[in-house]
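These numbers were taken from a predicted model, which means no experiment stands behind them.
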Amino acid sequence: MTLALHYALRSDVGLLREGNEDSAYAGPNLLVIADGMGGHAAGEVASAVAVAAITPLDHQNLHDSEEMLSALANAVASASNTLHDMTLADPSTEGMGTTLTAMLWSGAQVAMCHIGDSRAYMLRDGDFFQITRDHTLVQSLVDEGRLTPAAAATHPQRSLVMRALQSSTDADPDLGMREALVGDRYLLCSDGLSDVVTEQTLHKTLISYPDPEQAVLQLIDLAIRSGGPDNITCIVADVVDTVTGPVPPSEATMLAGAAANGDGRPRPLSDSPATRAHQLTMTAEAPKLTDTAELEPVREPAGRAGHRAAARPSPVRRRADPDDDLIGAASGRRRWPIVSSILVLLIIVVGGGGYVAWRITQSQYYVGSSGRQVVIFRGVNESVAGLSLSSAYRHTGIPVEHVQSSLLSLPTASGTLTEAQRTVLNIRHSWDCKIAVDAVTKWTAAKPVAPVIAKGKKPTAAQTKAIDAAKAYPAKPSVPSFCPPQVAG
C-alpha cells in the first residue's frame, strides 16, 4: 500500500485587509502555510520568503525521518538568514516576520515544522484534533493553568505571538514526526480562519464536505460570514491509497497568497456567496451618498455672490463699459489660483517636514510598560501638542514585576530595535535566574541528610528510612547556562 495526498488550497484577502500577507504551498509531498506579520514592514514579503525557502523540499525525495527534520530546520534557518539580509539592505522592513506550519511527507511518515499561531488539525475516524501548539501569550497562560481554553478563545490578546520566524531573532520552530493513516484528513490554516470559526464548526465542515475543494471553499465562506477581519488561507488534504483509493492523488503544485504574487499586489476576493453579499451591500450604500449630494442645494461663496451684485448695471451708470466687469472677474479668477497654490505649497512643506521628523522618531525603540506588562514601544517617549510620538510595537508577555529595579528602570532611553530586544532578553534572563536560585535554595534547605552508618553496623529502621528518603529526594533543580556563576553554582 502506497500513501499519497489529495488536496486543495485557497487563500482570500478577507473583508477588511487591503493586501494578502498569507502565503501557502501544496504539493505531492509538502504542505506549507505562512502568515506574514508587520503590515507596512513587509509581512507579505516575510511569508513569501519562508514558503520559497521550504518548497524545494517537495522534490527532494527524502525518506529518513532525521533527514526530513534536518531539511526542514535548514530551510527555516535559510529563510531567517534571508530576512535578516533583507533588513540590513532595507531598514524599513525591520520587524517583519511570519508564522510557519509545514508538513513534509514520505509515505506514512510526516515531518512537521511549526512556529507561530497558524495551525494544523487532523480528522481521524471522526475525531478532530489540533496537532500544533500555538506560540502565543494566551497559550502559555493556558499551559500554566492561569487561563482556561474557553477564556483563551475570546481573550483580547489571543493573537499576540511569542515566537515567529523573524528578521531580528533566530528561528526556534517545533519539529517532530507523525504517522499518517489512509483516511486521515488534515487542515492547515492561518488564524484568519481559526480565530473566527470554532473548532466544532471546523470539525462539522470537514466531515460534511468529502471533496477537499468544496471543503476549502466552505471554510473560506464561513470565515467571511464571520466578518473576515483577516486574510484567510487554508489547505485540506486527504491521505489516500494510490491503488485502491476512491480518488487519485493530487499531482499539481499550488501557490496562493503573497507567494503567488510576484509583484506583491493584493489578491482579489474569492467568489464566495458571502463575499458577493458583502460587495452588494457596499454597492447598495454608495447611491445613498450620491442622492444626498444631488439634493443638497448649491450655495455660492459669499465672495462670488458679492462680485456679481457689484457687476450689475447701476441706474446712475447705465453707460459704464461692460468690459470693466469682465476685467474684474478675470482678475479675481487669476488671484484665487495663486493664493491656493501658495497655501497648498505651505501645507506640503509643513506637512512634509512633520512627516520626515515623525519617520525619524519611528526608527527608535524603547522598553516601557503598559497594563502591567513589559512592552517594546516604537518611537520616542515624548508627545507634541498632546499627541504621543510612540506606539506599542510588541507586547512581550513579561509582567512588570519581573523587572529588577537594581538593573534598570522603565521606560528606557530610545535606541535601536536590537537594543530594545536585548533589554527585554536581559529582563527575562534575570527573572529566570532569580526563580532558579530560589528553587535551588529551597531544594537545599529541604534536602534530607543521610545518616552515617559505622562500618560493620547494621542500620536501624529509622536510619534505613532516612537513607531511603535521601535517595528518593528529587534531583537538584537545573539553572540556565546564562545565569551568573554564583547563581549557577
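Between the CG atom in L187 and the CG atom in L202 there is a gap of 6.0 Å [rounded to 0.5 Å]. Atom NE2 in H114 sits 8.5 Å away from atom CZ in R133 (nearest 0.5 Å). Between atom CG of residue L104 and atom CG of residue L175 there is a gap of 11.0 Å, rounded to the nearest 0.5 Å. Within the model, atoms CD of Q218 and CD1 of I220 stand 10.5 Å from one another, a figure rounded to the nearest 0.5 Å. For the atom pair M177 CE and L69 CG, the distance stands at 5.5 Å (nearest 0.5 Å). Taking OH from Y25 and CD1 from I235, the interatomic distance works out to 10.5 Å, rounded to the nearest 0.5 Å.
Closest non-hydrogen pair, S414 versus N381, comes out as OG-N, 4.2 Å. Nearest heavy atoms, G126 versus I207: O-CD1, 4.2 Å. Shown here for T205 and A215, the closest heavy-atom pair between the two residues is CG2-O, 4.3 Å. Nearest heavy atom pair, residue G95 against residue Y393, reads CA-OH, 2.7 Å. Heavy-atom minimum distance, M37 versus A164: CE-CB, 3.2 Å. Residues A50 and A79 share a closest heavy-atom pair of CA-CB, 4.0 Å.
Counted within 6.0 Å of CG on N81, heavy atoms from surrounding residues, nucleotides or ligands total more than 12; the atom is thus considered enclosed. Remark: E251 CD is loosely packed, at most 12 non-hydrogen atoms of other residues, nucleotides or ligands lying under 6.0 Å away. Enclosure of atom CG in D127 by more than 12 non-hydrogen atoms of other residues, nucleotides or ligands within 6.0 angstrom is indicated. Heavy-atom neighbours of Y209 OH from other residues, nucleotides or ligands within 6.0 Å: at or below the threshold of 12. Around the CD atom of E66, the shell of radius 6.0 Å holds no more than 12 heavy atoms that belong to other residues, nucleotides or ligands. Within a 6.0 Å sphere centred on NE2 of H84, other residues, nucleotides and ligands contribute 12 heavy atoms or fewer.
Remark: the T98 side chain and the S47 side chain contain no N/O donor-acceptor pair separated by less than 3.5 Å. With 3.5 Å as the limit, one finds no donor-acceptor pair spanning the side chains of S190 and D230.
When side chains are defined from C-beta on, Y186 counts as touching V239, because their heavy atoms get closer than 4.5 Å. Residues H6 and P249 have side chains not in contact (no heavy-atom distance under 4.5 Å, counting atoms from C-beta outward). Here the side chains of I33 and D22 are not in contact, with every heavy-atom distance at 4.5 Å or above. Side chains of T253 and P28 form a contact here, defined as non-hydrogen atoms less than 4.5 Å apart. A 4.5 Å side-chain heavy-atom check between I131 and M112 finds at least one atom pair inside the cut-off. D35 is not listed as a side-chain neighbour of T101, based on a closest heavy-atom distance of 4.5 Å or more. Residues F377 and P411 form no side-chain contact, since every pair of their non-hydrogen atoms from C-beta on lies 4.5 Å or further apart. With a 4.5 Å cut-off on side-chain heavy atoms, I54 and L100 count as touching.
For the pair T87 (side chain) and L83 (backbone), a donor-acceptor distance under 3.5 Å is present. For T412 (side chain) and V367 (main-chain N/O), a donor-acceptor pair under 3.5 Å exists by modelled atom type. In this structure, S226 contributes its side chain and V197 its backbone to no donor-acceptor pair below 3.5 Å. Without hydrogens or angle criteria, D184 side chain to L181 main chain gives a donor-acceptor distance under 3.5 Å. Panel note: side chain D241, backbone L3; no donor-acceptor pair is recorded below 3.5 Å. Looking only at distances, no side-chain donor or acceptor of D90 sits under 3.5 Å from a matching main-chain atom of M86. Distance alone, capped at 3.5 Å, is enough to place a donor-acceptor pair between the S106 side chain and the L62 backbone. Using a distance-only test at 3.5 Å, with no hydrogens or angles considered, a donor-acceptor pair links the side chain of E419 to the main chain of T416. A donor-acceptor pair under 3.5 Å is absent between the side-chain atoms of S80 and the main chain of V76, judged by distance alone.
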As a quick check of understanding, evaluate side-chain contact (heavy atoms from CB on, under 4.5 Å) for H203 and F129, giving each step before the final call. CA-CA 9 Å; H203 186 185; F129 309 93; over 6 Å; no
Does the pair L147 and V138 meet the rule for a side-chain contact (heavy atoms from CB on, under 4.5 Å), with working shown? CA-CA 7 Å; L147 198 66; V138 294; 4.0 Å; yes
Does L9 form a side-chain contact (heavy atoms from CB on, under 4.5 Å) with Y7? I'd like the steps, not just the answer. CA-CA 7 Å; L9 162 62; Y7 49 79; 5.9 Å; no
What do the steps show when you test L219 against I232 for side-chain contact (heavy atoms from CB on, under 4.5 Å), and what is the final call? CA-CA 9 Å; L219 291 171; I232 313 151; over 6 Å; no
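Applying side-chain hydrogen bond (donor to acceptor under 3.5 Å, both in side chains) to H135 and the options T99, D174, D117, D172 leaves one that passes, D174. A side chain to side chain contact (heavy atoms under 4.5 Å, CB included) with L5 is found for one member of V240, L31, N29 and no other, namely L31.
A salt bridge is absent between D191 and R119; no separation between the charged side-chain nitrogens and carboxylate oxygens falls under 4.0 Å.
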